[in-house]
Amino acid sequence: KVEEVVKPAPPIAANAGDFDMDGLMTDFPTAKELERFVFDETGIVLNLKGRANKLKYQTAMDVLNGVEVARQESKCLLPQV
């Protein structure tokens with residue numbers, strides 16, 4: 001008998017769906033501030049320093065809104081231990 005493995009849902013922020021690119025760019029002008037906010041809201045660690053603005057804010061917004069972000073594609077998610 002083969003059992004189906006259920007993939008856990010990614011952690012999302014309490015206000016998921018309320019975040020937009022302009023708001024994040026205004027409230028968190030540096031990568032460090034944005035990384036900290038995402039961690040505080042979701043527990044997910046991001047590595048956004050040195051990334052293009054559009055990529056870092058899009059990745060942060062996706063994580064906050066509960067959209068699954070592939071680790072290899074984004075290169076912004078740090079490995080979970």
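Remember, it's a predicted structure, so these values are computed and weren't measured experimentally. Just so you know, residue 1 is the first one in the sequence shown, and it goes up from there.
You'll find the side chain of Leu46 stays beyond 4.5 Å of the side chain of Phe39, heavy atoms only. Counting heavy atoms from C-beta outward, Val45 and Glu35 have side chains that stay 4.5 Å or more apart. Inter-residue side-chain proximity for Leu64 and Leu24 is flagged as met; some heavy-atom pair is nearer than 4.5 Å. In this structure, the side chains of Phe19 and Phe37 come closer than 4.5 Å at one or more pairs of heavy atoms.
Minimum interatomic distance between Met21 and Met61 (heavy atoms only, all atoms of both residues): N-SD, 3.4 Å. In this structure, Lys56 and Ala31 approach most closely via the heavy-atom pair NZ-CB, 4.0 Å.
Atom CG in Asn47 sits 10.5 Å away from atom OG1 in Thr59 (nearest 0.5 Å). Note that the OG1 atom of Thr42 and the CG atom of Asn65 stand 11.0 Å from one another [nearest 0.5 Å]. Taken to the nearest 0.5 Å, the CE atom of Met25 stands 5.5 Å off from the OH atom of Tyr57.
Contacts classified as side-chain hydrogen bond (donor to acceptor under 3.5 Å, both in side chains) and involving residues 24-33 (residues at least two apart or in different chains) are given here: Thr30-Glu33.
Considering only residues two or more places apart in sequence or on other chains, Asp20 meets the side-chain hydrogen bond (donor to acceptor under 3.5 Å, both in side chains) condition with none of them.
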